[in-house]
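Down below is the structure, laid out as structure tokens.
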Amino acid sequence: MSEYLSIKKIQSQPRLPLQGEIDLTWRCNNACRHCWISLPADAAEKEQELSFDEIRRIADEARSLGCRQWNITGGEPLLRPDFPEIFEYLTSQAVTYSLNTNGTLITPATARQLKRKGNKMVALYGATAEVYDYVARRQGAFEQAMQGFAYLKEAGVAFTVQLVPMRANRRQWDAMVKLAERLSPQWRVGASWLYMSASGSAERNAEIRAQRLEPRDTVLLDPPDVSFADRTEAARSDNAVSTGCGISARNDNRLFAGCIESRREFHVDAYGGASFCCFIKDPAMRYNLRRGTLREAWEEFIPSLADKVRGDPEYMNNCGACRKTNCNWCGAYAFLEHGHYNSPIPYLCDTARAESKYMDDWKKNHRRYYRVAGISVQIDSDLPITDLTFEPKFRKFQADGPQEDSISIHYHFSPPFLNGRDMGEKVYDRQPWAIYRKDHSWIYKTVESNGNSHLPSKFVVANNDHTRIHIYHPDKEDYLSRSLSSLTFALTDQALLARVLADRKGCYLHSAGVILNGKGLLFVGHSDAGKSTIVKMLRGQAEILCDDRNIVRRWPDGFKVHGCWNHGEVPDISSSSAPLHAIFFHQKSPRNRLHRIEDPKLTLRPLLACLIRPFMTADWWEKMLTLLDSMSKEIPCYNLEFDRSGALCGLLQEFTE
């Protein structure tokens, strides 16, 4: 298998319906106290549901328009007797799919069918039959759910347990989490705040409202992604307003215009009504697919909705003027809550305030900044970061906050949301890592070299340019019990930064670096070449950057050498930088002498030999060859002979003066 990969960048994505969501039914065998959409299992609306033939026609139209993914939900989708046929038809033509179910109707046959790779989310409403059955309002529901989980496990189906928090189960939340962890390596929080009824029933809304948690509990049980919130804030201009699904222009009172323009998904309800979002329940905002085509819905009807709902003075003076980026308010939620689109939702206002306080506290205790070679490295961790989390060497590189050029690394201590999902094309397979390319992401998975395949894998998920990294480490104790020698915890720091530096005309070199008389000197060579020996002789006369590897970047005003923390025998390090004045290829000798290498071709080979190499792609190599070629031509290079007498120091003083 080739170790190299060529990447083609696509600047913009055409407006295609790439993902479809379909409610097979709104009926359910449970009658959960919190549910916003369920009907009784024998409800008369059963006769109005889309038939299998109608679903097949819609699926065929969707595929012809570009749809490659389906989200199958309800109600309880398994309640339909033709679910096996529908599932087979939708998923056999899709790249991937997701299924939402309460799990109580899973049979051995269903479990075998669900082995098809995709994302299965199975709800959990309590840790005991007493609480679960109370929520579901059906005796025996918990036992049936546990049987459904057992069938899935027996069939070898990967699934995610979806915990639904509410007042009825708040006291046993920790037990629910432990139960979820026993059932599956994957679990998540679903619907941490509850939507009002799709039917608008005052009675149902009162029941749902009674189950809503206090805003503080909502935030604690389903903490926000602080890094995502930061990126949203950074992306928003002064003339923008945040909504539950994205960002719209502040002076544009069209409530759904931004969402419709950016979305590549569509929703089909159980009766053939289509719109851009599952939360749109206003009949005037849904297209009847029984009377028209999905193409008409996608290309004509849905775009027309952008101008249909506009904010009135109530909206413009409240949510339209609010600058909070962490509020989940959306016109669709307002319609469910109030029957119209413009009113604030006080519960969400309170939740946003609780979330803001949470994020402020989180940044103090779970985030640190470091700076190296002009790049800000933001470290976030699901577990607290203390003064003892990282080795003392990093303190010289610690910063108070980010700068314009920054990357982020986030530590997680639960499995990534990858089980049952296609990780993409395997592009590299050499211990300790197997590397996959998936859409615009890189996925690294550890490959055990000692046959211990039963050990939990470490995962690293990176965006295309490796500026946003999520590291999933299976061992909390490993994090808590020692001071970390690497900011990346799972990868090596230079492997990550070498990729990031390539886009910034920079690289790591096996070298010792010093600043002498304001000039950067780089002694390039592998282990035992004498780098540490030279650094020891220059102690007290020069600022030591690092004795083992250093960063070289080409800036607008020329090449600079930057110190880093990856030291060797000599612990002296510095975050300083200086213009790169000379490169030395050194060797031990009975004498001390410098000899200028006039032919750049003779310097390119040893520079390449000392280049720190991460997982290498063709475009990375191209950038490195260009960079090192320029370095060999623009920076004076010398053969350096030296002995242990210390006379080298005088020679270098004279050289730099």
Side-chain angles (χ1 to χ4, degrees), residues 17 19-26 28 32 34-39 69-77 98 100 121 123 162 164 166 189-201 204-205 207-209 211-212 218 222 241-248 254-289 297-298 301-306 308-311 315 319-320 326-349 351-352:
Q19 179 177 331
E21 180 174 5
I22 185 166
D23 302 336
L24 298 189
T25 179
W26 284 3
C28 187
C32 294
H34 66 284
C35 190
W36 71 295
I37 203 171
S38 69
L39 296 171
Q69 179 174 342
W70 281 101
N71 178 20
I72 305 167
T73 183
E76 174 46 54
S98 64
N100 285 270
M121 289 186 287
Q162 184 159 265
V164 184
M166 64 193 85
V189 178
S192 58
W193 70 275
L194 305 177
Y195 325 114
M196 290 293 106
S197 170
S199 67
S201 164
R204 289 291 298 119
N205 285 349
E207 289 183 320
I208 294 170
R209 193 172 288 109
Q211 291 301 326
R212 277 182 172 171
T218 298
D222 189 20
V241 58
S242 176
T243 70
C245 289
I247 298 173
S248 301
R254 299 177 302 160
L255 297 189
F256 298 117
C259 190
I260 290 172
E261 181 180 352
S262 63
R263 289 178 76 89
R264 299 295 182 266
E265 303 92 18
F266 64 94
H267 174 260
V268 180
D269 66 31
Y271 315 109
S275 196
F276 60 93
C277 175
C278 67
F279 293 107
I280 296 294
K281 298 305 178 189
D282 182 351
M285 298 280 284
R286 302 197 72 85
Y287 179 90
N288 190 341
L289 290 175
W298 180 259
F301 180 78
I302 289 177
S304 74
L305 299 180
K308 189 163 185 176
V309 179
R310 293 180 177 269
Y315 166 78
C319 296
N326 60 321
C327 180
N328 285 313
W329 185 92
C330 171
Y333 299 147
F335 186 89
L336 294 175
E337 197 93 7
H338 305 295
H340 52 86
Y341 293 103
N342 288 276
S343 297
I345 302 175
Y347 180 81
L348 292 184
C349 296
T351 302

**Study point:** F256 vs L305 side-chain heavy atoms within contact, under 4.5 Å
**Key:** no

Review point. How close do H338 and P344 get, heavy atom to heavy atom, and via which atoms?
Key: NE2-O, 2.8 Å

Point to revise | side chain to side chain contact (heavy atoms under 4.5 Å, CB included) evaluation trace for D23 with C278 | key: CA-CA 9 Å; D23 302 336; C278 67; 5.5 Å; no

Point to revise | Qualifying residues under salt bridge (Lys or Arg N to Asp or Glu O under 4.0 Å), relative to E337, sequence neighbours excluded | key: R212

Practice item. Determine, stepwise, if the pair T351 / W193 fulfils side chain to side chain contact (heavy atoms under 4.5 Å, CB included). Key: CA-CA 9 Å; T351 302; W193 70 275; 5.7 Å; no

Review point. With sequence neighbours left out, which residue pairs that include part of residues 265-282 fulfil the salt bridge (Lys or Arg N to Asp or Glu O under 4.0 Å) condition?
Key: R263-E265, D269-R286

Check your understanding: Is there a donor-acceptor contact under 3.5 Å from the side chain of N205 to the main chain of M196?
Key -> no

Review point. In terms of the angle between their ring planes, are Y195 and F279 parallel, tilted or perpendicular, with boundaries placed at 30° and 60°?
Key: perpendicular

Practice item. Taking the side chain as every heavy atom from C-beta outward, state whether W36 and L336 have any atom pair closer than 4.5 Å. Key: yes

Check your understanding: What closest approach, in Å, do S98 and N71 show between heavy atoms, and which atom pair accounts for it?
Key -> OG-OD1, 2.7 Å

Review point. Considering all heavy atoms of both residues, which atom of N326 and which atom of A352 are nearest to each other, and what is their separation?
Key: ND2-O, 2.8 Å

Check your understanding: Taking all atoms of both residues into account, what is the closest heavy-atom pair of A198 and I37, and its distance?
Key -> CB-CG1, 4.2 Å

Practice item. Taking all non-hydrogen atoms of both residues into account, name the closest pair between T218 and S192 and its distance. Key: CG2-O, 3.6 Å

**Study point:** M285 and F276, any side-chain heavy atoms less than 4.5 Å apart
**Key:** yes

Exercise for review: Report the C-alpha separation of W26 and Y271 in whole Å, then their side-chain angles, then the decisive distance to 0.1 Å, and conclude whether the side chain to side chain contact (heavy atoms under 4.5 Å, CB included) test is met.
Suggested key: CA-CA 9 Å; W26 284 3; Y271 315 109; 3.7 Å; yes

Exercise for review: Using ring-ring contact (aromatic ring centres under 6.0 Å, His included) as the criterion, list what pairs up with H267, not counting sequence neighbours.
Suggested key: none

Practice item. Could you tell me whether F335 and W329 have their ring centroids closer than 6.0 angstrom? Key: no

Study note, to complete from the structure: d(N288 CG, F301 CZ) to nearest 0.5 Å is 10.0 Å

Check your understanding: SG of C319 to OH of Y341: how many Å apart, nearest 0.5 Å?
Key -> 15.5 Å

Review point. Between T73 (side chain) and N100 (backbone), is there a donor-acceptor pair under 3.5 Å?
Key: no

**Study point:** Close side-chain approach of S38 to E76, heavy-atom, < 4.5 Å
**Key:** no

Check your understanding: Taking the side chain as C-beta and beyond, is there a heavy-atom pair between Y287 and I302 under 4.5 Å?
Key -> no

Point to revise | Closest non-hydrogen atom pair, S343 against A334 | key: O-CB, 3.6 Å

Practice item. Output the distance between atom SG (C35) and atom CE (M166), rounded to the nearest 0.5 Å. Key: 9.5 Å

**Study point:** Residue pair V309, N342: steps toward the side chain to side chain contact (heavy atoms under 4.5 Å, CB included) verdict
**Key:** CA-CA 9 Å; V309 179; N342 288 276; 5.7 Å; no

